[in-house]
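Within every chain, numbering begins at 1; the chains are lettered A, B, ... in the order of the sequence lines, protein sequences first and strands thereafter.
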There are 2 protein chains.
Amino acid sequence: MTVTSVHDPSHREALWELEDAFERGDLVSLFGRCTVSYEGRAASDLGAGDRLLVLKPDGAALVHTDEGRQPVNWQPPGSEHHAAVREGRLRVRSTRSNPDETLTVRFSDVHQLSAMAVTGGRDLDLHGSEEDLRTRILERPDLVEAGFEPRETERPSSAGPMDVFGVDADGTPVVVELKRRRVGPDAVGQLARYVRALREELGIEDTEEDEYSDRDAPAVRGVLVAPSVTDRAAERLADRGFDHVALDPTPEE
Amino acid sequence: MTVTSVHDPSHREALWELEDAFERGDLVSLFGRCTVSYEGRAASDLGAGDRLLVLKPDGAALVHTDEGRQPVNWQPPGSEHHAAVREGRLRVRSTRSNPDETLTVRFSDVHQLSAMAVTGGRDLDLHGSEEDLRTRILERPDLVEAGFEPRETERPSSAGPMDVFGVDADGTPVVVELKRRRVGPDAVGQLARYVRALREELGIEDTEEDEYSDRDAPAVRGVLVAPSVTDRAAERLADRGFDHVALDPTPEE
DNA sequence: TGCTTTATGTCGCAT
DNA sequence: ATGCGACGTAAAGCA
């Protein structure tokens, strides 16, 4: 069983850990000083305070204070968790539709973040699918592109394990990020982190901060493998010079 | 703000952290593999599984799995948390009366334990009382015993900070543990840990494992200051050669 | 998806 | 303490 946990992480580190935890389907416990706002069937706002945020892989979100059996704010199962850093601060947002409801937690300090992989049934289907996608690519690397050679899976990096690492026909390092379903801009951000980490590791100067010119061919390439991408995600991919390969976890039957 | 967190602690380490956390009035988040049994208004038993146990200073206990907004088992606020190691395994029990209800969580593995001090109002009263007790003793050390000299408060040790450290009339080191109300055997265990830690630190051979003869005068003394003790606690105190001083946090008015 | 009933409901407020 | 009603009730069973 795997538990990752970070003590007093930076907001950006917390973001990375959170995104990875969402990806793995982990049960997350996050402690920190935050404000909470909810809008939906009713509306509420909570001022700054130390609280415990629990994020479940089934979409449930719970904000607990030091008192009471009930969470002070929550989101029911079936919601979608999103994490981002806005103005340097970690923001976790959980949304659902029918009815439309949004829970937003803005952290001023993140004191402790733990993510635990839970032995559960529901998850196996999902993970199975991404597993399938990886297996498919390892068996037929040309599905990514002609001449691609996988070298390693779950290759460790300072930004966490990358799904597939390999080289292209020119011998250029390639980071491949796998997603089992249609993805938004978040996935591009995740891929970018791995690419950046690998560039640093290889001692390659990164292009300017938050700017990505397609003038210099990047010494590390990024490829996002997913059935499809949203428009915004496609823009980001283009901005950073990454490629998208449209591929389903399972071959059409 | 203070967060203590341990990754993959031993059952005994987890116990220490838990007891200290209860003492401090912390909000506790505990990840691990466990079985859960509840008896009260209804009854239930859960087999082994990875779960998140949340323990609040107001007595609420929540057992969460990876699914659902509701805890799979719980105990309402006003309950009392107790931690112990039984057969080498951490056991957390939360009980309340009216109606009589007991929640028992038995861990086979503790993966992650975090305890956070929460800025709250209700807590200040409690801590204030223990603060009072300490102040009283520092102002009138003879209340502990004639010739007692306090040397340090919150003195750090490998078993955590001890409430008051000092020396007696003979110059023998004394560890004083303060409790604001009647205590059970748990408090004696906590005092014993501090004494043992200090003995180790001072390079003093401990008496035999789990055996305490009153033949050799102990090189480090333990004194429990509390309004009163239970019978079982008194037994344990006697076994280990510790003293009890009956003292209220506030002088009778 | 929508409706009905149950719950270790919880929680607040009244007596 | 007990009784009563409200809740962002949640969750399960069923049409």
Whole-angstrom distance between C:dT5 and C:dG9, as gauged at atom C1': 13 Å

Hits for ring pair (Phe, Tyr, Trp, His ring centres under 6.0 Å) against A:Phe22, two or more places apart or cross-chain, chain-then-number order -> A:His81

Rounded distance in Å between the P positions of D:dG8 and D:dC4: 22 Å

Reading DNA chain D in the 5' to 3' direction, which nucleotide is the first one with an atom under 4.0 Å from a heavy atom of chain B, and which is the last? D:dA10 to D:dA11

Does B:Val183 have any side chain to side chain contact (heavy atoms under 4.5 Å, CB included) partners at least two apart in sequence or in another chain, and if so, which? B:Lys179, B:Ala187, B:Leu224, B:Ala226, B:Val229

Span of DNA chain C in contact with chain A (heavy atoms, under 4.0 Å): C:dG2 to C:dC11

For B:Arg69 and A:Leu103, take the nucleotide of DNA chain D holding the closest heavy atom to each; which residue's nucleotide lies nearer the 5' end? A:Leu103

Go nucleotide by nucleotide along DNA chain C from the 5' end; which of A:Gly68 and B:Gly40 gets its closest nucleotide reached first? B:Gly40

Sorted by chain and residue number, the side-chain hydrogen bond (donor to acceptor under 3.5 Å, both in side chains) partners of A:Ser5 (sequence neighbours excluded) come out as B:Gln112

Could you give the distance separating C:dT6 and C:dT10 at their C1' atoms, to the nearest angstrom? 14 Å

Under the criterion side chain to side chain donor-acceptor pair (under 3.5 Å), I'd like the reasoning laid out for B:Thr65 against B:Arg51: C-alpha separation, chi angles, the key distance, then a yes or no. CA-CA 5 Å; B:Thr65 66; B:Arg51 305 190 179 98; over 6 Å; no

A:Lys56 (side chain) donor-acceptor with B:Asp66 (main chain) under 3.5 angstrom: no

With sequence neighbours left out, the residues meeting side chain to side chain contact (heavy atoms under 4.5 Å, CB included) with A:Asp243 are A:Arg221, A:Val223

Mind checking side-chain hydrogen bond (donor to acceptor under 3.5 Å, both in side chains) for B:Arg69 and listing every partner two or more places apart, or none if nothing turns up? A:Gln70

Sequence neighbours left out, what passes side chain to side chain contact (heavy atoms under 4.5 Å, CB included) with B:Glu235? Give chain and number order. B:Arg232

What residue pairs, at least two apart or across chains, pass ring-ring contact (aromatic ring centres under 6.0 Å, His included) with a residue in residues 33-77 of chain A? none

Sorted by number, residues from residues 70-82 of chain B placing a heavy atom under 4.0 Å from DNA chain C are B:Asn73, B:Trp74, B:Pro77

Sequence-distant partners of B:Thr4, side chain to side chain contact (heavy atoms under 4.5 Å, CB included), two or more places apart: B:Glu17, B:Arg24, B:Ala115

Hey, could you give me each pair passing salt bridge (charged side-chain N to carboxylate O under 4.0 Å, His left out) that has a residue in residues 78-95 of chain B? Not counting sequence neighbours. B:Glu80-B:Arg181

Does A:Asn98 or B:Arg41 map to a spot on DNA chain C nearer the 5' end, using the closest nucleotide for each? A:Asn98

